[in-house]
Student: 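Pasting a structure below so you can have a look.
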Amino acid sequence: NSAPTSGATSGYLQMKLPISKAILAAGIFSLLAVSITVARQRGGPQQPGALPKLTKVRDDIYLIENAGQTVAEIGTYGGNISVALTDEGVIAVDSKNERIHEDVLAKIKSLTPQPVKYLVLTHNHADHAAGAAMFASEGAQVLITTADRENMAKSRNPGWLPQWTYAGKATLFLGGKQAQLMEYRGHTRGDTVVLFPHARGLVMGDLLTTVDAIPLIVNYDDGGSWAEWTRSVDSLLQMDWETAIPGHGPTVTKQQVREIRAKMVAIQERVRSMNRERKSQDEISKQLISEFGWGSGPASNNVAGMIREFQ
């Protein structure tokens with residue numbers, strides 16, 4: 001399940017009925033609560049920094065990223081947003097959260113008078129999806145994998161859910177440009193990766209993070225898997241692109257993604273070998289921190305799951 005479904009053309013889309021303002025408000029409140037929970041899982045109580053900043057990636061692709069790249073900013077602002085400009089509208093990937101929505105819109109409007117036509121969610125977690133309801137209320141069509149919409153629906157009182165889903169592959173055509181959506185498994189069971197072929201840019205969501213303060217983790221409750229993460233990244237490395245946009249942190253090159261992949265595979269192999277030696281979770285955690293600098297802080301809650309996965 002790590003690679004896109006073979007033989008798929010444009011996938012399929014499912015349309016849901018419009019929602020009322022009351023349900024929209026309930027959905028925003030619910031996703032805010034989940035956003036706070038995600039931040040707590042990622043680390044301890046820190047104070048957020050300045051407002052997110054707008055960075056040009058290449059050509060017509062921009063990134064709205066947190067200024068300090070800290071765990072605290074995840075709860076306050078959310079993760080990265082990618083913005084692709086066309087003459088007929090904007091394709092955005094991920095939404096941050098509703099509290100920063102007006103700032104996000106102002107940054108997009110500083111680039112183009114065109115509205116956001118499509119919002120693609122890389123996965124269901126609130127730091128990437130909690131602002132989606134507001135984009136939808138302003139006319140954007142919001143897309144997510146069927147699997148991660150189901151994950152979103154499992155949350156307590158979800159209130160709002162995306163109107164469109166796809167499975168396997170889908171392609172958006174807007175203003176003479178393409179956004180190729182591909183479903184993978186890794187961080188969740190239904191992660192979306194978006195390839196912008198014209199700009200040779202790949203948006204990876206939380207299949208990739210690029211700052212030590214926000215380490216790579218998988219969400220086992222939502223169907224994530226480290227073994228599938230590796231297979232997914234291996235598949236993505238076979239594609240033609242130059243720049244990767246992560247879920248958290250600045251952009252990186254293809255070679256840097258290879259290096260991150262090598263580190264995480266080495267961590268998995270160390271867990272396998274220490275499992276064979278019947279080492280305790282505490283011993284494994286200390287070894288991972290000492291050898292790889294991974295397994296403390298936000299990643300500490302991922303160690304037990306990795307141990308079980310690689311027994």
Student: Taking the side chain as everything from C-beta on, heavy atoms only, tell me whether L216 gets closer than 4.5 Å to W229.
Tutor: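 Heavy-atom side-chain distance check passes, below 4.5 Å.
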Student: Let me confirm one number: the CG-CZ distance from D234 to R258, rounded to the nearest 0.5 Å.
Tutor: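 These two atoms lie 11.0 Å from each other.
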Student: Start with the C-alpha distance between S95 and L119, add both sets of side-chain angles, then the distance that settles side-chain contact (heavy atoms from CB on, under 4.5 Å), and finish with yes or no.
Tutor: CA-CA 8 Å; S95 67; L119 172 65; 3.9 Å; yes
Student: Within the distance-only criterion (no hydrogens, no angle test), does the side chain of K117 pair as donor or acceptor with the backbone N or O of I91 below 3.5 angstrom?
Tutor: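 Pair absent, no side-chain N/O of K117 close to backbone of I91.
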Student: Working to the nearest 0.5 angstrom, can you tell me the gap between I108 CD1 and D103 CG?
Tutor: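 If we round to the nearest 0.5 Å, I108:CD1 and D103:CG are 10.0 Å apart.
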Student: Is the H128-H248 ring centre distance short of 6.0 angstrom?
Tutor: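 For H128 and H248, the ring centres are under 6.0 Å apart.
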Student: To the nearest 0.5 Å, how far apart are CD in E73 and CG in D127?
Tutor: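 The distance works out to 12.5 Å.
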Student: Any side-chain heavy-atom pair from D60 and T86 closer than 4.5 angstrom?
Tutor: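 D60 vs T86: side chains apart.
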Student: Do Y220 and S225 pair up side chain to side chain, a donor and an acceptor below 3.5 Å, judged on atom types alone?
Tutor: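 No, because no side-chain N or O of Y220 sits under 3.5 Å from a partner of the opposite role on S225.
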Student: Taking side chain as C-beta onward, heavy atoms only, is L105 less than 4.5 Å from E138?
Tutor: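 Yes, side chains in contact.
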Student: Please determine if D222 and R189 form a salt bridge, counting it only when a charged side-chain N lies under 4.0 Å from a carboxylate O.
Tutor: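 Judged by the 4.0 Å cut-off on N to carboxylate O distance, D222 and R189 do not form a salt bridge.
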Student: Where is the tightest heavy-atom contact between I217 and P298, given as atom of each residue plus distance?
Tutor: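 The pair with the smallest heavy-atom distance is CG2-O, 4.0 Å.
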Student: Would you please test K96 and N66 for side-chain hydrogen bond (donor to acceptor under 3.5 Å, both in side chains) and show each step?
Tutor: CA-CA 10 Å; K96 289 189 172 289; N66 293 337; 2.7 Å; yes
Student: Report whether V265 and V218 are members of the same hydrophobic cluster (ILVMFWY, side-chain heavy atoms less than 4.5 Å apart, transitive linking).
Tutor: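 No, it is not one cluster - the side chains of V265 and V218 are not joined through contacts under 4.5 Å.
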Student: Is L236 linked to I260 within one hydrophobic cluster, defined over Ile, Leu, Val, Met, Phe, Trp and Tyr using a side-chain heavy-atom separation of less than 4.5 Å?
Tutor: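 L236 and I260: one cluster.
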Student: Check the pair T188, D191 against side-chain hydrogen bond (donor to acceptor under 3.5 Å, both in side chains), reporting the backbone distance first and the verdict last.
Tutor: CA-CA 6 Å; T188 71; D191 297 303; 3.0 Å; yes
Student: Strictly distance-based, threshold 3.5 Å: is any side-chain N or O of T112 a donor or acceptor partner for the main-chain N or O of Q114?
Tutor: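 Flag set: sc T112 to bb Q114 pair under 3.5 Å.
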Student: Give the cluster check for V303 versus I289: same hydrophobic cluster or not, with ILVMFWY residues linked at side-chain heavy-atom distances below 4.5 Å.
Tutor: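 Different clusters: V303 never reaches I289 through Ile, Leu, Val, Met, Phe, Trp or Tyr contacts under 4.5 Å.
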Student: Within the 4.5 Å heavy-atom criterion, are F196 and H198 side-chain neighbours or not?
Tutor: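 In contact.
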Student: If I compare all heavy atoms of A227 with all of F310, which pair ends up nearest, and what's the gap?
Tutor: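 A227 and F310 have their closest heavy atoms at N-CZ, 3.9 Å.
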Student: Less than 4.0 Å between a side-chain N and a carboxylate O, is that true for E283 and K286?
Tutor: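 E283 and K286: not salt-bridged.
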Student: Please give me the minimum heavy-atom distance between P52 and I100, naming the atom from each residue.
Tutor: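 P52 and I100 have their closest heavy atoms at CD-CD1, 3.9 Å.
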Student: Are any side-chain N or O atoms of S110 and backbone N or O atoms of K107, one a donor and one an acceptor, separated by less than 3.5 Å?
Tutor: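 At least one qualifying donor-acceptor pair exists.
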Student: Could you tell me the separation between the CD1 atom of I61 and the OG1 atom of T55, rounded to the nearest 0.5 Å?
Tutor: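 These two atoms lie 13.5 Å from each other.
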Student: Mind running side-chain hydrogen bond (donor to acceptor under 3.5 Å, both in side chains) on E228 and Y184 for me, showing each step along the way?
Tutor: CA-CA 8 Å; E228 293 297 328; Y184 284 89; over 6 Å; no
Student: Applying a strict under-4.5 Å side-chain criterion to I, L, V, M, F, W and Y, I'd like to know whether I74 and V211 cluster together.
Tutor: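 Yes, because I74 and V211 connect within a single hydrophobic cluster, where side-chain heavy atoms sit under 4.5 Å apart.
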Student: Would you find more than 12 non-hydrogen atoms of other residues, nucleotides or ligands less than 6.0 Å from D87 atom CG?
Tutor: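 Not more than 12 within 6.0 Å, no.
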Student: Set out, in order, the CA-CA distance, both residues' side-chain angles and the distance that settles side-chain contact (heavy atoms from CB on, under 4.5 Å) for V93 and T122, then state yes or no.
Tutor: CA-CA 7 Å; V93 184; T122 60; 3.6 Å; yes
Student: What's the verdict on side-chain contact (heavy atoms from CB on, under 4.5 Å) for L208 and V257, showing C-alpha distance, side-chain angles and the deciding distance?
Tutor: CA-CA 8 Å; L208 181 68; V257 174; 4.1 Å; yes
Student: Using side-chain contact (heavy atoms from CB on, under 4.5 Å), reason through V193 and V203 one step at a time and then give a plain yes or no.
Tutor: CA-CA 6 Å; V193 174; V203 184; 6.0 Å; no
Student: Taking T145 for the side chain and A167 for the main chain, is one N or O donor matched with an acceptor at less than 3.5 Å?
Tutor: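 Looks like no, no N/O pair under 3.5 Å.
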Student: Give, for atom CD1 of I267 and atom CE of M306, the distance between the pair rounded to the nearest 0.5 Å.
Tutor: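 It is 6.0 Å, given to the nearest 0.5 Å.
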Student: Run N302 and W226 through side-chain hydrogen bond (donor to acceptor under 3.5 Å, both in side chains) and show every step you take.
Tutor: CA-CA 10 Å; N302 230 209; W226 277 113; 3.2 Å; yes
Student: Do L195 and M182 come close enough that some side-chain heavy atom pair is under 4.5 Å?
Tutor: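 Yes, close enough: below the 4.5 Å cut-off.
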Student: Can you name the closest pair of heavy atoms from V271 and I307 and give their distance?
Tutor: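 Shortest heavy-atom separation between V271 and I307 comes out as CG1-CA, 3.8 Å.
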Student: Taking R58 for the side chain and A199 for the main chain, is one N or O donor matched with an acceptor at less than 3.5 Å?
Tutor: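 Side chain of R58 to backbone of A199: a pair is present.
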Student: Within a reach of under 6.0 Å around CG of D59, are more than 12 heavy atoms found that belong to other residues, nucleotides or ligands?
Tutor: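 Atom CG in D59 is packed in, count exceeds 12.
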Student: Calculate, to the nearest 0.5 Å, the distance between atoms OH and CD belonging to Y118 and Q141 respectively.
Tutor: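 Rounded to the nearest 0.5 Å, the OH-CD separation comes to 5.0 Å.
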Student: Quick one, L54 and L63 - any side-chain contact, counting heavy atoms below 4.5 Å?
Tutor: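 Counting from C-beta outward, L54 and L63 never come under 4.5 Å.
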Student: Around atom NZ of K263, are there more than 12 heavy atoms from other residues, nucleotides or ligands closer than 6.0 Å?
Tutor: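 More than 12 within 6.0 Å, yes.
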Student: Mind checking whether T243 and L202 have side chains closer than 4.5 Å, heavy atoms only?
Tutor: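 Answer no - side chains too far apart.
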Student: So, for Y77 and A50, which heavy atoms are closest and what is the spacing to 0.1 Å?
Tutor: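 Closest approach of Y77 to A50: CE1-O, 3.3 Å.
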Student: Heavy-atom distance under 4.5 Å between the side chains of V71 and I214, does that happen here?
Tutor: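 They are in contact (side-chain heavy atoms under 4.5 Å apart), so the answer is yes.
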Student: Please determine whether a side-chain nitrogen of the Lys or Arg among R270 and E291 lies less than 4.0 Å from a carboxylate oxygen of the Asp or Glu.
Tutor: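 A salt bridge is present here (some side-chain N lies under 4.0 Å from a carboxylate O).
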Student: If two hydrophobic side chains count as joined below 4.5 Å and joins carry through other members, does L111 share a cluster with F135?
Tutor: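 The answer is yes; both residues are in one hydrophobic cluster.
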Student: Main chain of I284, side chain of Q287: is a donor-acceptor contact present, judged purely on distance under 3.5 Å?
Tutor: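 Not at all, since once roles are kept as given, no pair shorter than 3.5 Å links the two residues.
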Student: Give the minimum heavy-atom separation between E183 and Y166, together with the two atoms involved.
Tutor: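 What the structure gives for the nearest pair is N-OH, 3.6 Å.
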